[in-house]
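Below you'll find the structure, written out as structure tokens, and then a few comments.
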Amino acid sequence: MELENMHEKNILAHFVDEGNAVLEPGGTQPSKAHFIHDSHYKIDSVHDFPKIPNQDWTVQYPAFKIS
């Protein structure tokens with residue numbers, strides 16, 4: 001999977017832990033998860049970490065951190 005082939009889809013996906021929806025900090029709404037599409041392999045992935053407002057999904061993805 002290459003970064004240039006991946007993009008976030010505008011699809012609602014809830015972040016869950018052990019099958020239970022994780023609520024937004026201090027809120028009553030479920031946290032949203034990143035829904036990523038790989039155009040090369042034609043697969044979708046719902047990532048296992050919550051979205052952080054105003055932060056691109058690649059910031060949280062360890063495989064894309066540049067040293």
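To the nearest 0.5 angstrom, His40 atom NE2 is 10.0 Å from Glu4 atom CD. Separation of atoms CD1 (Ile36) and NZ (Lys9) is listed at 10.5 Å; rounding is to 0.5 Å. Rounded to the nearest 0.5 Å, atoms NE2 (His34) and CE (Met6) are 11.5 Å apart. The distance from atom CD of Glu2 to atom OG of Ser39, rounded to the nearest 0.5 Å, is 11.0 Å.
Within the 3.5 Å criterion, the main-chain N or O of Tyr41 finds a donor-acceptor partner in the side chain of Asp38.
Between Thr58 and Leu3 the shortest heavy-atom distance is CG2-CD1, 3.5 Å.
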